[in-house]
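Here's the structure we're looking at; comments come further down.
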Amino acid sequence: MSVDLSIIVPVYNEEDNVLPMYEAIRNAVAPIDRTVELVFVDDGSRDRTVERLSQLPRDGKPKVRIVKFRRNYGQTQAMMAGIDVAEGKVLVTMDGDLQNDPRDIPRFLEQIEAGHDLVVGWRKDRKDHWSRVLPSKVANRLIGWVTGVPIKDNGCSLKAYRADLIKRIPLYSEMHRFIPAMSSLARPKIAEIVVRHHPRMHGSSKYGFSRIYKVFVDLISIRTVLTFARAPLLWLSGLTMLTLLLTLMAAVAAVVFADTSYAGSSVVFAGVTLLFGALTLFLIFLALLGQLIWGARSKSLAPFVDLAVRPAGREVP
Amino acid sequence: MTMSASDLMTRPTASLHPNDPTLGALQPDSTNDVGADFQLSVVIPVSRESDTIRDDHERHAAALAEFGRVEFIYVLDGQFPRAMAALEALSREAGHNVRALVFNQTFGEAAALSVGFKHARAPRILTLVPEPQVDPADLPDLVRGLDSADMVVARRTSGVGGSVFGAGKMEWVLKRILQSPFADLRCRVRALKREVAEEIVLYGHQHRFFPLLALRHGFKVVEQTVRPGGGLPPKDTSAPLDYSMILDVVTVFFLLKFLKKPFRFFGGFGLAVLALGLVATGWLVFTRLAFGTPLVDRPALILSSLMVVLGVQIIAVGLIGEIVTFAYTKDMRDYRIERIIE
C-alpha cells in the first residue's frame, strides 16, 4: 500500500508532549482521505520519550513509525533520517514541541497537490519574546537577499515537500534552516502560507543575537556552494577578477609614476602589484582545486544537479 | 610508517590481516560464532617489553572473574619476544579466552586499540594497560558503571604517575579550550559499550582524548574514582614537552568544533583579518589624499595590502573546505539508527 503523506516529527526529551502531539496530528489528518504515516524520529532522548511513543495506538490511522537514534545527533540529522525513512509522496516536517499546529497540515497538502514543490510555513504572528523574533527577522532578510529565495520565515519547521525533490537535496550540519535556499538549484515552485503558532510550553530556545554571526557565515558558505554547484569553475571568478583588476591598477600606477617626481611611489605600487598578483594566482589555483574535487565527486552529486532539468509534463502527486 | 598506520585506521573496510598475524591457531574471524557468549572483552595494548605480563594478567583475570566469560585481547605494538612468549603460554592454557595480536612494527596505541576493538566480541569492552594503573579490585565497579552510562573513565585518587612537568598539563589545556571535564586522561583504564568503539575512529594519539571524543559524540561518559595500582604510565606521556600532544589538541579541537562547518572557523579569522586590512588601507589612502601624508618612506601600505591578501586567502581556503564538505555530504549522514519501530 503506497503512502500519500508522511509527517516527520523529530523529538528530543519530549515525554510530556508525545501524546498531545499524536492526538493533535491524528485529529488533524482524520478528515483527509489519504494514506498517512507518522514518522517520529527520537533524537537519543534520555527520558521516557521512546517508551511513550511505543505505547501509541497501532490502528494504522495514521500509521505510526518510530525511528530511534542510538544517541543525540541534532535536529538536522533527525530530519534527514525522517526524510530518508519516509515513504510518502509528500513529506511534512514539523517540530515536536507543539509550537506548530497540525491543523495546518491539510492546507500544506493542498498547496503541494496544486503543483508546488515546496511549501513553507510563515509564523506571521509569533508567540515569542522580541529578543528572539528580531534577530530571526534580520536573518530571514539576509538569507533572502543572499540566496535569492526571499522567504519570510526560514526558521519555521512546518514545511511540506514533494518527496522526490527533498530526498535529493544534500543537507549538512545545521542546514535544515536553508532547505529552501539549497533547493533553489532545482528552481522549485515555492508557496508560503501563514501558520498558527503557539507559545513554547517548556524549555528554552537558543536563537539569539549570537546566532546572527553564524547565520551570516553560513550564508557565505551557502552562496559559495550554490554558485559552485551551478558552475564549478566560476565560483571564485568574481573575486579573482577583482584582485586581477587591483593588480593591473597597481601595475599601471607603478609604471606611470616611474619617470615622474613620484618615483618613490612607484616602488610601493610595484610591491602592491606583486602582492595582489600573487593573490590572483592563488585564487586561480584554488578554483582549479575546486574543479578537481568536483570532478572526483560529480557522479554522486549528479542526481541533485539533475533536479534542475525536469521533463515538461512531469506528474504532480 | 606512522602515516601508513593512520591510513589503515581511517579506512575501516581495509583488511588488517597483513599487519596483525594472529598467534597460533586462533583465527579471529573464524571464531566469531564460538565467542557469541562473551560478557566482557578486555583490550590491552602492549607498548613495551614486559616480564610481569603473566602476573598482571592473572591479577586482572581474578578481579574480573565475576563477569563470567571474559576474553583478553593483547595487542602487541611491535616485537616484544618475552611478552610474546608469556602470552603464547597463556593463550595455550586459556584457549579462546586469551588472544594476542601482533603488529610487525610500532603503529601506536590508538592503532592498537582500534584493532583490538575490531576483534572484540563482547558487548562491553574494558581497556587496560599491562601494568596495573588501577587497583584491580576497583575494575568490576568500572564495568558495572556501564549499566547507566556509555563509557566509564577511571580517575585515580593519587599517585598519578609520569613526569612532574607532565602531570595534569594536558588536562589543564583541554579544560581551558574544550571545556573537558576529565581530570585523569593519562589513565587508560576505561570501560565502554561496544557501540562507542564502533562509532569513534581513533588515530594518531587520539586514544588520550577518547573520553572527550565520546562525550562530544553524544555518548554519556562518567568519571569514577579508583585507587591507583602503582604501575608505570604508558611511555608516550612521560616527556616534559610533548609536541605531538599539542598537535593532537589542535586536531581534536578542529574535529570537534568545525568538521562539518569549516567556514565558521576560517571565515571568522579571514573576515577579521580582511576587515582590519581594509580599514588600515582605507585610512592610509584617506590620509594621503586629504592631508598629503607620504606613503613612500614607510612600509605601511604594503603591510595593509598584505593583510587584505591574507584575509582573502584564509576566506578562500575556508570556502574550499566548505565545498569539500558539500561534495561529500551524501557520505556525511552520520546518524545511526538503533532500530525502527513500525
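Computed from a predicted model, the values in this text were never measured in an experiment. Letters go in sequence order (proteins before strands), and every chain restarts at 1.
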Distance, nearest 0.5 Å, that separates CD1 of B:I320 from CZ of A:F228: 7.0 Å
Heavy atoms of other groups near B:R194 CZ, more than 12 under 6.0 Å: yes
Student check: side-chain heavy atoms of B:I315 and A:I220 closer than 4.5 Å: no
For chain A, the option from B:A316, B:G267, B:G321 that forms the most heavy-atom pairs under 4.5 Å: B:A316
Results of side chain to side chain donor-acceptor pair (under 3.5 Å) for A:T243 - residues two or more places apart only: A:T280
Set of side chain to side chain contact (heavy atoms under 4.5 Å, CB included) partners for A:A251, sequence neighbours left out: A:T273
Among the listed options A:F276, A:F69, A:F40, the residue most often paired with chain B at heavy-atom distances under 4.5 Å: A:F69
Whether over 12 other heavy atoms sit under 6.0 Å from B:R144 CZ: yes
Side chain / backbone / both / neither for B:V317 at chain A, heavy atoms under 4.5 Å: both
Chain B interface, residue from A:V85, A:T224, A:L239, A:V267 that has the most non-hydrogen pairs under 4.5 Å: A:T224
More than 12 heavy atoms from other groups under 6.0 Å of CZ on B:F269: no
Taking every non-hydrogen atom, the tightest pair across B:F219 and A:R46: C-NH2, 4.2 Å
Interface moiety of B:L271 toward chain A, non-hydrogen atoms closer than 4.5 Å: side chain
Which of A:L283, A:L275, A:V268, A:V67 touches chain B most, by non-hydrogen pairs under 4.5 Å: A:L275
Residue A:L53 versus chain B: region with a heavy atom under 4.5 Å: neither
Distance in Å, B:I323 CD1 paired with A:Q291 CD, rounded so as to fall on 0.5 Å steps: 10.5 Å
Choice from A:V217, A:V64, A:V39, A:I66 maximising heavy atom contacts with chain B below 4.5 Å: A:I66
Spacing of CD1 belonging to B:I337 relative to CG belonging to A:D42, to within rounding of 0.5 Å: 11.5 Å
Inter-residue atom distance B:F263.CZ - A:L219.CG, 0.5 Å rounding: 10.5 Å
Distance, nearest 0.5 Å, that separates OG of B:S305 from CG of A:L274: 11.5 Å
Minimum side-chain heavy-atom gap A:V272-B:I302 below 4.5 Å: yes
